[in-house]
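Written out below as structure tokens is the structure these notes cover.
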Amino acid sequence: MNSNDLNDPNMDQKFGNAENTAVSSENSTEQPSSENENVGTEPTGKTVSEPAMQENKTTHQLHEEDEELDEGLSPIVIDDEIVHLDDDESEEFSDDDHDGTPVQIGDYSAMSKAELVEALKVLLTEKPIQIIRADVEIIKINFYKKHKAEIEKKRKEFVDNGGTIEQFIAPEDLYEPQIKELLKEYRDLRSKYNKDFEVKKTHNLEEKQKIIETIKELVNKSDSVNQTFQEFRELQQRWREIGPVPQSNLNDLWETYHHHVQNFYDYVKINKDLRDLDLKRNLEEKILLCEKAEELLLESSVITAFKKLQKYHNQWREIGPVPKEHRTELWERLKEATAKINKKHQDYFEGLRDEQKRNLDAKVALCEKAEELSTLAITSNKEWNKRSKEMIDIQKVWKTIGFAPKKDNNKIYERFRLACDAFFNSKRDFYTDAREEQQNNLQLKTELCLQAESLKNSNEWKKVTEDLISLQKRWKEIGPIPRKFSDELWKRFRAACDFFFNQKSQHFAQVDNKYEDNLKAKEQLIEEISAYQLVEEIEENLKVLKDFQRRWAEIGYVPIQNKESIQKSYRDAINKHFESLKIDESKRNLLRFKTKLDNVHGNPRQENKVRQERDKLFNRLRQIEGDIVLWENNIGFFTKSKNAEQMIKDVENKIQKGKEEIKMLEEKIKMIDKLDLD
């Protein structure tokens, strides 16, 4: 329709399809509507009817179900076997045939899979093919939702029983082949219906062309006006009763029809009252259509309003002329409502395209992240767990994003699926290679358990402690083992270690109690030593002090934190008595040395120091013996020199002191040797 048609009130009967009508300013040139270029239209340019749009939406939901991601760190399961209804539905399945409301022979969501299959059979055998579309979609969605839930349940049970996700194979479903066959039968029936309907539309076109030719000849008849007008009315009624014609012939057919109808009204001399009555009736009908079109501005669904407007335009074509004085007013009124609805429709799809573009950008970003994860070189279980969580988070975000533009939607989904599959395939390969290593680790850790169990009853506390600590270090160095053995084997190894260390703790708890008793005994002995009063006889004093030393040596170990302090108190007390004795220094020195040795026996560290001390004493003894030999040789030389007497005397004094020191060194060495150190 061009702009002249829009501005001519006499052309109000020549409306084109409202879907392809974009009303602008009075002198604007009409352009084909492009607001649904990629969204909701068929490839032929036809507008998809409301049930068809509903199918696109449902198919999208099914596609989203195909994209659902497993929660157990598994790759996306693509349900390739789900049979979708075709997206490219023709206008035969429009509101003229069925309003899209499900026949609903039952509550499909509450039905089992077997009941859903049976319900689909009933629909195909008892209901017209053109009215069951919504029911077929609902049945299919509920069937595959239950089908997928059963698979997920069985997969979870398989994993809980010790299997892995990669090993799981879904069992065959008895009902899935049946519903696939029924869905194929539905598509075949629908295809046959569409083909038959196309043939019928061609036949309708021929019938309407015949009616036009008949109306064209009415003006040449010589019958009475009433008879001619009645024949004209019958032709109009037949026109209305004939169904739709091919879309490509629609506008030309209507223009030709209205042209000859107008000619009939203009050239046939009918009764003026009858003509006025007909024009009034047409006026009332067109006013009602204008009101209905204006009410569509309040409709919440843009799609519903747009589709209803199409129906009102078709009805407008069916109505004849109106009084001339009302033609412009009515036409402008309908044109204004049409323009507003078209504008809302256009804005809706422009917003939808913008949203889909944003969705595409978001999905591209997720693809890049998934591809980055799929190319990482991951070599540890910990890293795989971390990266798997990241991938599953990405998959969850993907599910929250809506459609991308139609031409990009499948491509971007395929790209994302390939990245996810590559990631999880790499993970599966990693764990396949790791299984053999885990089996080897299982053998190594089992051997460690056997070693720990063989040591747990030993009372060689120090040695076994070191051995068990070494086993524990080796346990940590060994890699992971199969999960089903991990807890059991660790508990076994830990139980053996804990048993030994508990026994050791109980043993040393008793030893600690004994050490406390020894500490008290030594404190009492120190008090006794401090309280002792020396007597006149030195031998008696030495006998008592030696007895103190013997008793001290017989008392065992004390707590390590008290060792130094109690030893110092003992030496101070005993040395105080030795210093008070009237004996020569060498003997006192020996007695102090004896006191020093009292606490050596049984102490590995002190015993080592005593051995070192003996070596020093022995070396000193040999040195002095060498010096004495040298000094004795030197005496012979001194006799030939002046002042020889004094020099000889000094050397003899050195020799005497050396011999005394040798005697003391020998006594100390004997004391050490008596300790019987190993």
Residues Met391 and Ala370: closest non-hydrogen pair is CE-O, 3.7 Å
In terms of heavy-atom contacts, Val397 and Thr400 come closest through O-OG1, 2.5 Å
- Task: Tell me, please, whether Phe143 has Lys113 positioned over its six-membered ring: NZ or CZ under 6.0 Å from the ring centre and within 45 degrees of its axis?
- Result: yes
Check this for me: does any side-chain nitrogen of one of Arg387 and Glu383 sit under 4.0 Å from a carboxylate oxygen of the other? yes
Counting only heavy atoms not in Glu436, do more than 12 sit closer than 6.0 Å to its CD atom?
no
Using 30° and 60° as the class limits, which term best fits the ring planes of Trp384 and Tyr431: parallel, tilted or perpendicular? tilted
Look at the rings of Trp552 and Tyr570 and say which category their plane angle falls in: under 30° parallel, 30 to 60° tilted, over 60° perpendicular. parallel
Closest non-hydrogen atoms of Lys146 and Tyr108, given as atom of the first, atom of the second and distance, are CE-O, 4.4 Å
* Asked: Would you call Lys491 and Asp487 a salt bridge, using N to O less than 4.0 angstrom?
  -> no
Margin query: If the threshold is 4.0 Å, N to carboxylate O, is there a salt bridge linking Glu414 and Lys411?
Written below: no
Discussion item. Using a strict threshold of under 4.0 Å (side-chain N to carboxylate O), is an ion pair present between Lys663 and Glu666?
Written reply: no
task: Determine whether more than 12 heavy atoms belonging to other residues, nucleotides or ligands lie under 6.0 Å from atom OH of Tyr532.
output: yes
